[in-house]
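Note that the structure is a prediction, hence the values are computed from the model and not measured. Atoms within each ligand, like the ligands themselves, are counted from 1 in listed order.
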Amino acid sequence: MTHLFDLSDKIAIVTGANTGIGQGIAVALAEAGASIAAVGRSSMDETRSLVEKAGARFHEIRADLGTIAPVASIIEETQKAFGGLDILVNNAGIIRRNDAVDFTEADWDAVMDTNLKSAFFLAQAAGRHMIAAGRGKIINIASLLSFQGGIRIPSYTASKSGLAGITRLLACEWAAKGVNVNAIAPGYFVTNNTTALREDQDRSAQILARIPAGRWGDPSDIGGAAVFLASKASDYVHGTVLPVDGGWLAR
Ligand code: NAP
């Protein structure tokens with residue numbers, strides 16, 4: 001039976017899938033039936049076992065997305081392993097914290113290269129294939145910092161605001177070609193990315209007090225939005241940045 005959210009026979013690349021939000025997304029796509037090409041620089045063993053437990057195929061691609069050097073080979077290896085490409089989730093990302101007056105060029109470049117440059121060029125490479133096929137789904141992992149300024153994370157805010165803009169640009173260019181480009185903006189999630197925030201008791205309490213849902217997000221909270229944006233259910237959704245934030249932006 002055809003189901004709006006069914007991803008059987010679909011092939012998905014998920015970057016940064018070894019942990020946190022990327023792992024949550026990989027597992028949710030796998031549970032919906034997708035084969036997962038997991039891209040990252042660390043061991044994917046835990047994600048492999050969760051994906052295979054869901055009954056889906058798994059292929060690990062070791063790559064450092066601090067540069068765009070591995071982009072072409074990521075697409076080639078996915079096609080070689082699974083015979084196609086239907087879904088790209090640009091999730092890999094880093095954050096560097098420092099006051100704006102002290103922020104270094106190295107911390108600017110590292111974050112922009114990983115979070116924005118690699119995401120764009122991976123979308124470009126995947127998009128070429130998807131446009132030729134006349135269909136495809138690209139999901140960029142944005143942030144509340146795609147909407148808000150934040151403090152002490154200038155390159156992160158620039159990269160995530162840029163990623164929201166690139167999501168809209170690609171949607172405008174590719175919507176008529178059958179390719180959906182959208183983003184998810186996670187709120188505050190319990191992952192490695194937020195360890196420093198959660199260790200700062202004052203900041204952590206301030207953040208929690210503003211979340212209408214009354215709790216931080218768990219990586220398992222993000223999968224539903226990813227399955228929606230990867231599936232037929234979102235065929236007429238283009239260029240949106242969907243917050244999954246416990247109501248943070250509604251406050
Ligand atoms: P995380 O646990 O730190 O995960 C980040 C992922 O990106 C890891 O898999 C990491 O791999 C990978 N990665 C980083 N640099 C890489 C590189 N050069 N090459 C390949 N992979 C690289 O944090 P997370 O919260 O799950 O973050 C996932 C995404 O969600 C990021 O884009 C982040 O900005 C975004 N986000 C997170 C939150 C939140 O509250 N946690 C909120 C909004 C947006 P390694 O483990 O090998 O470093």
Report task. For the pair Asn91 (side chain) and Ile141 (backbone), establish whether a donor and an acceptor sit closer than 3.5 Å, ignoring hydrogens and angles. Result ->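 No, Asn91 side chain to Ile141 backbone: no donor-acceptor pair under 3.5 Å.
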Requested in this report: Could you name each residue pair satisfying salt bridge (charged side-chain N to carboxylate O under 4.0 Å, His left out) that touches residues 150-160, not counting sequence neighbours?
Outcome: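 Counting only pairs at least two positions apart or across chains, the salt bridge (charged side-chain N to carboxylate O under 4.0 Å, His left out) contacts touching residues 150-160 are Asp99-Arg152.
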Report task. Would you indicate whether the side-chain heavy atoms of Arg210 and Ile207 approach each other to under 4.5 Å? Result ->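 No, too far: nothing below the 4.5 Å cut-off.
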Query raised in the report: So does Gln124 have more than 12 non-hydrogen atoms from other groups sitting under 6.0 Å from CD?
Result: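 Buried by this count: over 12 neighbours within 6.0 Å.
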**Report entry** Amino acids in close contact with ligand 1, where any non-hydrogen atom sits under 4.0 angstrom away
**Finding:**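 Residues Gly16, Asn18, Thr19, Gly20, Ile21, Arg41, Ser42, Ala63, Asp64, Leu65, Gly66, Asn91, Ala92, Gly93, Ile94, Thr114, Ile141, Ala142, Ser143, Tyr156, Lys160, Pro186, Gly187, Tyr188, Phe189, Thr191, Asn192, Asn193, Thr194 each place a heavy atom under 4.0 Å from ligand 1, listed by chain and number.
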Query raised in the report: Between Asp200 and Arg97, is there a side-chain N and carboxylate O pair less than 4.0 Å apart?
Result: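 Result for this pair is no, no salt bridge flagged.
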Query raised in the report: Taking NZ, NE, NH1 and NH2 as the nitrogens, is one of them in Glu76 or Lys80 under 4.0 Å from a carboxylate oxygen of the other?
Result: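 A salt bridge is absent here (no side-chain N lies under 4.0 Å from a carboxylate O).
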